[in-house]
Amino acid sequence: MSTKHLSPEVLSERRKKAVRLRLDGHTIAVASQQTGLSAPTVSAAWKAFREGGWAAVPVKPRGRSKGQGNTLSAAAQTVLWEALYSSAPQGLPGWSSAALADLVSERLEIRLTQRAIEHWWETEGLKHEPWALNALAKKRTRAGRWFDKTVLPALALCPGAEQRWQGGVRRLAHAHRAIYQMYLHGVRGKLYMRCFEHPPTAFDYMSVMSMLPQPAVLVFHGAMFSASQEFTEWLGSQANLTLVAVPADLGLAHR
């Protein structure tokens with residue numbers, strides 16, 4: 001089923017219909033038949049929805065949208081900073097590039113792509129890459145032994161990729177603001193984040209971690225959770241959350 005003859009608007013609507021059919025429990029084959037889309041196109045739309053919500057389902061427009069140069073407008077950046085220092089949308093552990101793009105679109109009626117947001121993250125030093133933890137397996141180093149004895153047993157409790165998370169907290173040097181960034185990486189390294197003017201409190205950590213899908217295992221770097229009785233008691237009540245703290249002297253650097 002070729003879609004080359006379809007306009008981006010029509011193709012986007014058919015992709016949305018395919019996702020709605022999948023949400024209603026229909027198979028890819030049925031969604032393909034009812035929308036006139038190929039099975040791979042239906043699968044791609046479904047995958048986009050699962051990773052980025054409804055905003056990720058429409059096909060991307062060709063070319064560059066207005067306002068998507070190397071720098072964002074001052075108004076857009078103000079909206080982005082205010083968002084990062086506030087709670088993320090319900091159901092998300094932090095702000096994703098898709099959620100931020102939707103917010104700017106809603107507030108300013110400026111269409112931004114996730115790529116534009118991620119480029120801004122890089123410009124502001126907010127982009128963080130996940131660690132290649134699996135590369136530590138079987139290594140005859142302290143990090144390798146830690147991975148084999150501590151991380152692998154925790155990951156075995158959550159075999160699904162969507163259940164396995166990395167995260168951490170770091171202080172960033174910035175010319176105009178104080179930034180303590182809490183970051184989380186989900187499936188395929190998808191980045192979520194929150195920013196704070198001061199070191200996050202126990203409540204901040206609990207608020208973010210409570211939004212992770214359950215069950216979940218989280219490998220976290222940069223915080224001494226054992227120093228907070230409030231957090232320790234809360235974590236003890238979370239039967240479906242396994243937290244693996246990265247030893248401070250292990251050598252995993254922020255990237």
Side-chain angles (χ1 to χ4, degrees), residues 7-9 12 15-16 48-49 51-130 165-201 203-205 207-212 221-223 253-255:
S7 68
E9 293 76 16
S12 294
R15 283 168 62 98
K16 291 178 183 178
F49 172 77
E51 295 182 358
W54 286 109
V57 176
V59 294
K60 294 181 173 62
R62 296 184 178 89
R64 178 181 292 173
S65 300
K66 184 178 180 181
Q68 282 192 211
N70 290 332
T71 59
L72 302 182
S73 68
Q77 293 189 60
T78 296
V79 170
L80 291 173
W81 280 119
E82 288 178 351
L84 289 177
Y85 282 89
S86 63
S87 297
Q90 184 65 30
L92 294 180
W95 285 94
S96 66
S97 55
L100 288 171
D102 286 345
L103 180 68
V104 172
S105 176
E106 177 185 338
R107 294 276 184 86
L108 303 178
E109 298 185 352
I110 298 175
R111 181 163 183 165
L112 296 179
T113 64
Q114 296 180 48
R115 185 184 298 274
I117 299 296
E118 291 163 9
H119 177 81
W120 179 76
W121 280 350
E122 292 178 358
T123 301
E124 299 294 335
L126 296 169
K127 190 71 179 290
H128 185 278
E129 299 296 336
W165 292 74
Q166 291 185 23
V169 63
R170 60 178 180 167
R171 183 178 182 180
L172 296 176
H174 195 279
H176 304 297
R177 63 188 72 242
I179 303 178
Y180 288 85
Q181 181 195 36
M182 198 186 308
Y183 55 88
L184 294 165
H185 291 282
V187 178
R188 284 179 286 279
K190 185 179 178 71
L191 178 59
Y192 301 81
M193 68 178 74
R194 283 283 313 278
C195 291
F196 305 87
E197 293 182 352
H198 307 285
T201 65
F203 176 79
D204 294 325
Y205 288 112
S207 297
V208 169
M209 294 181 189
S210 64
M211 289 296 103
L212 293 175
H221 181 280
H254 294 293
R255 297 189 294 134

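Computed from a predicted structure; not experimentally measured.
Of all heavy-atom pairs spanning Glu197 and Ala178, the tightest one is O-CB, 3.6 Å. Here the closest non-hydrogen pair linking Leu126 and Arg170 is O-NH2, 3.5 Å.
Taking the six-membered ring where tryptophan is involved, the planes of His128 and His185 are tilted, since the angle between them lies from 30° to 60°.
By the 6.0 Å contact criterion, CD on Glu122 is enclosed, its count of non-hydrogen atoms from other residues, nucleotides or ligands being greater than 12. Residue Tyr85 qualifies as enclosed at atom OH: its count of foreign heavy atoms under 6.0 Å is above 12. Remark: Arg177 CZ is packed, more than 12 non-hydrogen atoms of other residues, nucleotides or ligands lying under 6.0 Å away.
Going from atom CD of Gln114 over to atom CG of Asp102 covers 8.0 Å, rounded to the nearest 0.5 Å. With rounding to the nearest 0.5 Å, the separation of CH2 in Trp165 from NZ in Lys190 is 9.0 Å. With rounding to the nearest 0.5 Å, the separation of CE in Met193 from CG in Leu100 is 7.5 Å.
In summary, the aromatic rings of His174 and Trp81 are positioned with their centroids under 6.0 Å apart.
Looking at Ile110 and Leu72, their side chains never come closer than 4.5 Å, going by heavy atoms from C-beta outward. No side-chain heavy atom of Pro58 sits less than 4.5 Å from a side-chain heavy atom of Glu9.
Judged by distance alone, the side chains of Asp204 and Ser207 never bring a donor and an acceptor atom under 3.5 Å apart.
Screening Arg115, Glu118, Lys127 for a side chain to side chain donor-acceptor pair (under 3.5 Å) involving Ser97 leaves a single residue, Glu118.
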